[in-house]
Amino acid sequence: MNIGVIGVNHNVAPIEIREKVSFTDIQKIEAINYLLDKEIEEIIILSTCNRSEIYIQSKILKTK
């Protein structure tokens, strides 16, 4: 099992950046469907006014 996380928060990014990576409910659904099509098995998207994070879990490890 491989777990990954990517995110930004108020400690590392100014509001201008956080606004660009925030998710609406529809965008969360679209992102989840896109990632599920890419062999990601589980996804959590957390998006608040101060942070946005994407957690994923996959059995497949892809490297370049």
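Annotation for Val21 and Ser52: closest pair O-OG, 3.0 Å, computed over non-hydrogen atoms. Residue Asn9 comes nearest to Asn11 through the heavy atom pair OD1-N, 2.7 Å, listed as atom of the first residue, atom of the second, then distance.
In this structure, Ile15 places its CD1 atom where more than 12 heavy-atom neighbours from other residues, nucleotides or ligands lie under 6.0 Å away.
Atom CD1 in Ile56 sits 12.0 Å away from atom CD in Glu39 (nearest 0.5 Å). With values rounded to the nearest 0.5 angstrom, Ile54 atom CD1 is found 11.5 Å from Ile44 atom CD1. Going from atom SG of Cys49 over to atom CZ of Arg18 covers 7.5 Å, rounded to the nearest 0.5 Å. Glu42 CD to Leu36 CG: the interatomic distance, rounded to the nearest 0.5 Å, is 9.5 Å. Rounded to the nearest 0.5 angstrom, Ile32 CD1 and Phe23 CZ are separated by 9.0 Å. Here the CD atom belonging to Glu41 is positioned 9.5 Å from the CG atom belonging to Asn2, to the nearest 0.5 angstrom.
Using a 4.5 Å heavy-atom threshold, the side chains of Val5 and Ile3 count as separate.
Residues satisfying the salt bridge (charged side-chain N to carboxylate O under 4.0 Å, His left out) test with Arg51, not counting sequence neighbours, are Glu53.
Val8 is not connected to Ile6 by any chain of hydrophobic side-chain contacts under 4.5 Å among Ile, Leu, Val, Met, Phe, Trp and Tyr, and they are in different clusters. When the side chains of ILVMFWY residues are joined at heavy-atom separations under 4.5 Å, either directly or via intervening members, Leu35 and Ile29 end up in two distinct hydrophobic clusters.
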